[in-house]
Visitor: 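The structure under discussion is supplied below as structure tokens; questions concerning it will follow.
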There are 2 protein chains.
Amino acid sequence: MLTDVSGVNIPSLTAGQFATVYNLFSLVIASMLFTALFLLLSRGRVAPRYRNALVVSAIVCGIAAYHYFRIFSNFSESYPPGSSVSAPHNLSNIEFNEAYRYVDWLLTVPLLLVETVAVMALGRVAQRGLLYKLVPASALMILLGYPGEIATSVGSRALWGALSTIPFIYLLYVLFVELSRSLVRQPVEVQHTIKMLRLALVGLWGVYPIAYLFPMIGGEFFGGASGFVLRQGGYSLADIFAKAAYGLAIYKVARVKSGLEDPTYSDDELVPDTTSRDVRV
Amino acid sequence: MLTDVSGVNIPSLTAGQFATVYNLFSLVIASMLFTALFLLLSRGRVAPRYRNALVVSAIVCGIAAYHYFRIFSNFSESYPPGSSVSAPHNLSNIEFNEAYRYVDWLLTVPLLLVETVAVMALGRVAQRGLLYKLVPASALMILLGYPGEIATSVGSRALWGALSTIPFIYLLYVLFVELSRSLVRQPVEVQHTIKMLRLALVGLWGVYPIAYLFPMIGGEFFGGASGFVLRQGGYSLADIFAKAAYGLAIYKVARVKSGLEDPTYSDDELVPDTTSRDVRV
């Protein structure tokens, strides 16, 4: 048990297990694709200085949608249907490729930090200072996790997992100590939301290491098909919250700040608005 | 009869039954895709405060189009052609996946309520108050329906159906009691349309539980291939009315209100309009 990692190439899934993962993947595709579209179409509803945060949020969802299209097809090919609709889906000669997730995270995790800093609209120097720390650390965190994900021994999985935790702890320090200095200069109306965003980011990122641990815990449940379903489900839901729902929360912050800075951006209400002469798209 | 649900995995469809469902699915794809496109292209014809309602309506149709593309392919694979064009289409080893519908509804039903509230352009507080009730209740209604849809016994189908009805009744209360208070502040020109919208929403949603009941009614018709065709047809037509036609009605309300608030938006008439200062896109 301690020298070999189970749970990586699951030999067989029941029809119900296959359907659960399959439908969750499709849910992620729809969520990411249409959140990206919504964010792009809503750029005109925030002040110009916040539009980049929306574009980056849309790009994050777009990258995730691309990878989930790949994961969805790959999963269908790795676990083709059996002889009947209720037969188990056995692993074919095509590996279920977990690397798609790491490629996705390598691109999207730094960008999630970019969109968070962008929506705060800090001064150029403060923004650059934060991003020069957050972006390389987050990329390093993903890169160090990958060798552990594909490792076949518990020892290397644990080693790379521990190495990946070092940049993660550094990120926590930057987000919760350095970022707090900039937070007090944000409008009070959004301070709470930004704090919640930061907490959501770190809280949701906690799902990934837990799912990463499953094959190490091993045993019939965590090391088998049930653990696989739970891990894929956990990754999928965490991705929806950490990217799509997160992007919508970024949009919300941008909307509130735009309305505070320029009343033409709080134009949803029925109250007659004499200033409304619209030149926005 | 009372312990087992028929009508879930229909073993065979006649060529005519297959063609009916197949063509209805294609009709839904065309309706959803091009209604979404029309709504996006028409944003500039309504005042800025109503554009979000149009974008959300387009997103709803887009999400439905995505799912019907999947349902269409899945249906073709589940019931492949027989030995000749007139031979029956027998169920293959690929299950016809009803979960696509539930994933679709989970995303689109709350958004239909969002677009309805958005087009009313209520004050921020009233809007938030309504959405905080409508969105979770509608998501819960869908989530509770799904275990019943895939249940293999009549008992669990009935139990989950009944549980799902509780949030539905709550939705009715919010829509017909709480929303009515805001309705009186709408312009008289659209009050009737908004009332009709609300009625259409609830009326069309009634199609889904009826289709849901078919496998419980059972028997040769409702539990067999005819019931399957009727259920898929019912879902398809209800989806066209509840999403595409509904989105167009939302557009109509937005157009009328825009024209009432700003004469530059009633520019369809041939009469020369001296006030027309066009800065819209």
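Chain naming here is simple, since letters A, B, ... match the order of the sequence lines and numbering starts at 1 in each.
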Visitor: Is any side-chain heavy atom of R51(B) closer than 4.5 Å to one of L41(A)?
Guide: no

Visitor: Under a 4.5 Å heavy-atom cut-off, does chain B meet the side chain of S83(A), its backbone, both or neither?
Guide: backbone

Visitor: Can you tell if the side chain of N52(B) reaches within under 4.5 Å of the side chain of F38(A), non-hydrogen atoms only?
Guide: yes

Visitor: Can you tell me how far the CG atom of L27(A) sits from the CG atom of L106(B), to the nearest 0.5 Å?
Guide: 6.5 Å

Visitor: Any chance you could measure S31(A), atom OG, to L107(B), atom CG, to the nearest 0.5 Å?
Guide: 5.0 Å

Visitor: The criterion is salt bridge (Lys or Arg N to Asp or Glu O under 4.0 Å); which residues satisfy it with R101(A), sequence neighbours excluded?
Guide: E98(A), D239(A)

Visitor: At under 4.5 Å between heavy atoms, what parts of residues 55-65 of chain B are in contact with chain A? List them by residue number.
Guide: V55(B), V56(B), I59(B), G62(B), I63(B)

Visitor: Between chain A and each of L91(B), L40(B), N97(B), count heavy-atom pairs under 4.5 Å; write down the option with the most.
Guide: N97(B)

Visitor: Looking only at heavy atoms, what is the nearest atom pair of G82(A) and N93(B), with distance?
Guide: O-ND2, 2.8 Å

Visitor: Drop me the distance from R49(B)'s CZ to R45(A)'s CZ, to the nearest 0.5 angstrom.
Guide: 11.0 Å

Visitor: What's the separation between atom CG in N74(B) and atom OH in Y22(A), rounded to the nearest 0.5 Å?
Guide: 5.5 Å

Visitor: Does any non-hydrogen side-chain atom of N23(A) lie less than 4.5 Å from one of Y102(B)?
Guide: no

Visitor: Got a sec: does the CH2 of W160(B) have more than 12 other heavy atoms crowding it under 6.0 Å?
Guide: no

Visitor: Side chain, backbone, both or neither: which part of S78(B) has a non-hydrogen atom closer than 4.5 Å to chain A?
Guide: neither

Visitor: At a heavy-atom distance under 4.5 Å, which candidate from T35(A), L33(A), I29(A) has the highest pair count against chain B?
Guide: I29(A)

Visitor: Contact part of F72(A) toward chain B, heavy-atom cut-off under 4.5 Å: side chain, backbone, both or neither?
Guide: side chain

Visitor: Please give me the minimum heavy-atom distance between N9(B) and V85(A), naming the atom from each residue.
Guide: ND2-CG2, 3.9 Å

